[in-house]
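Comments concern the structure below.
Just so you know, ligand 1 is whichever comes first in the structure, and atom 1 is the first atom listed for that ligand.
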Amino acid sequence: MNKFLVFLEQREGIVKKSSLSTWNRVQELAALRGESVVSGILCGPLDIQQLDGTLSGDGVMYHASDDGLRLYNQKYYTSLIADIFKREACSALFFADTAMSRDLAPRLSVRLQASLLSGCSFVETDAAGGCVRSVYSGSFLASFVPKQRERIYILSSRVPEAAYFSGGHLEFRSLDTQSFTAEDLFPVVRRIVMREGSPDVAEASIIVAGGRGMRSAESFARLEQLAALLGGSVGASRTAVDEGWRPHAEQIGQTGKTVAPVLYFACGISGAAQHLAGIGDAGIVVAINSDRHAPIFDVADYGIVGDVHLVLPKLIDSLKEFLKKK
Ligand SMILES: Cc1cc2nc3c(=O)[nH]c(=O)nc-3n(C[C@H](O)[C@H](O)[C@H](O)COP(=O)(O)OP(=O)(O)OC[C@H]3O[C@@H](n4cnc5c(N)ncnc54)[C@H](O)[C@@H]3O)c2cc1C
């Protein structure tokens, strides 16, 4: 019997879309493997009713709701996940590809003596449990086979969405943990709260991203305005982040986040391979660039050759007019 454990991540009490989708993908994998059961683990206080109608199949969901786990804590999250993994004699642990999982998974790999397979775009259903991931900024696909019986997978957002199927019974079990006191926690140096109502760039369905062509931090106000009108989030190229115009949390690409929005605006972004590595799953790509030969136009569905500082105000005004008439 294979036992799979899925870590579901919450921020501000809301479970991440990418975690819900990871759960559903693992349920699908378990169904294909046969004789497999799925459990999940949630850390931090949250209203579990939000999960109604989102999680496929059946299984057990462990919930450690102590208020001390509201914010991510490496030490306690690692212990809680490792304890459940061992207690349930699981063979595989699954994460969505997020900043938190990139921190947690390597620690757990050492703690559990488990093979770590990250960036998996496909997981084999056979007993070897290998995975396929893209390498060299998406230029090649490579297969990896884990050495250990215990495995940890970080699923890329490129794994095709699994369809939600109901019918099973999900049992919630509270995890009785010690109460985590402030002294137990690592000090919080700075807490960055994203614009209210604006999803994390990795989860956003509309992204308005800017690069060096934006020229300054101040000019990103236009991208924020456009994102707010469209109900999307602001993203950035590495150059915009290195210049200090935007936080690293918004960086898209090889060393940033992989995104899969339905609509992606690239404003003053050249389209370097390392940037494109993060937007391979974007739906419609709209590029605004003053250089008609910029590589971003090779992947764009719509291209506007022009100065972003002239095009964006016009685009914003037209959109406002359009929304007023709706
Ligand atoms: C190991 C490694 C990892 C990397 N990881 C990442 C990553 O995760 N994400 C990432 O983005 N990059 C990454 N990079 C960097 C990447 O190679 C590029 O340097 C970077 O993406 C370029 O950012 P940019 O497009 O904003 O800037 P540039 O390449 O300088 O392009 C600016 C673009 O703006 C246009 N422009 C200028 N002025 C205007 C204007 N007024 N109006 C309209 N267009 C204008 C220009 O024509 C140009 O096309 C990585 C590099 C390495 C080596």
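For atom 41 (N) of ligand 1, the closest non-hydrogen atom of the protein is D307 OD1, 3.0 Å. Here the protein heavy atom with the shortest distance to atom 14 (N) of ligand 1 is Q274 CB, 3.5 Å. The protein heavy-atom contact nearest to atom 49 (O) of ligand 1 is N289 ND2, 2.9 Å. Atom 6 (C) of ligand 1 has its closest protein heavy atom at T255 OG1, 3.4 Å. Taking atom 3 (C) of ligand 1 as the reference point, the nearest protein heavy-atom neighbour is R238 NH1, 3.1 Å.
For E9 and Y72, the side-chain atoms include no donor-acceptor pair closer than 3.5 Å. Using modelled atom types, one finds no donor on one side chain facing an acceptor on the other under 3.5 Å when comparing T78 with Q74. Between the side chains of D307 and S290, no donor-acceptor pair of N or O atoms lies under 3.5 Å.
Within ligand 1, the atoms closer than 4.0 Å to a non-hydrogen atom of T239 are 20 (C), 22 (C), 23 (O), 24 (P), 26 (O), 27 (O), numbered from 1 in the order shown. For ligand 1, the atoms sitting less than 4.0 Å from at least one non-hydrogen atom of H309 are 41 (N), numbered in the order shown with element in parentheses. For ligand 1, the atoms sitting less than 4.0 Å from at least one non-hydrogen atom of G306 are 42 (N), 43 (C), numbered in the order shown with element in parentheses. Numbered from 1 in the order shown, with element, the atoms of ligand 1 that lie under 4.0 Å from a heavy atom of G268 read 26 (O), 32 (C), 33 (C), 34 (O), 44 (N). Listed by atom number, the atoms of ligand 1 under 4.0 Å from G256 heavy atoms are 8 (O). In the vicinity of R215, heavy-atom distances shorter than 4.0 Å reach the ligand 1 atoms 41 (N). The G253 neighbourhood of ligand 1 comprises atoms 7 (C), 8 (O), 9 (N), with distances under 4.0 Å to a heavy atom of that residue.
For atom 21 (O) of ligand 1, the nearest non-hydrogen atom from the set A272, G235, G213 belongs to A272. Here atom 44 (N) of ligand 1 lies nearest to S290 when heavy atoms of S290, G211, P295 are compared. The residue among R292, H275, Q251 with a heavy atom at the shortest distance from atom 7 (C) of ligand 1 is Q251.
Counting heavy atoms closer than 4.0 Å to ligand 1, residue I252 contributes backbone atoms (N, CA, C, O) but none from C-beta onward.
Checked against the 6.0 Å centroid threshold, F7 and F94 do not count as a close aromatic pair.
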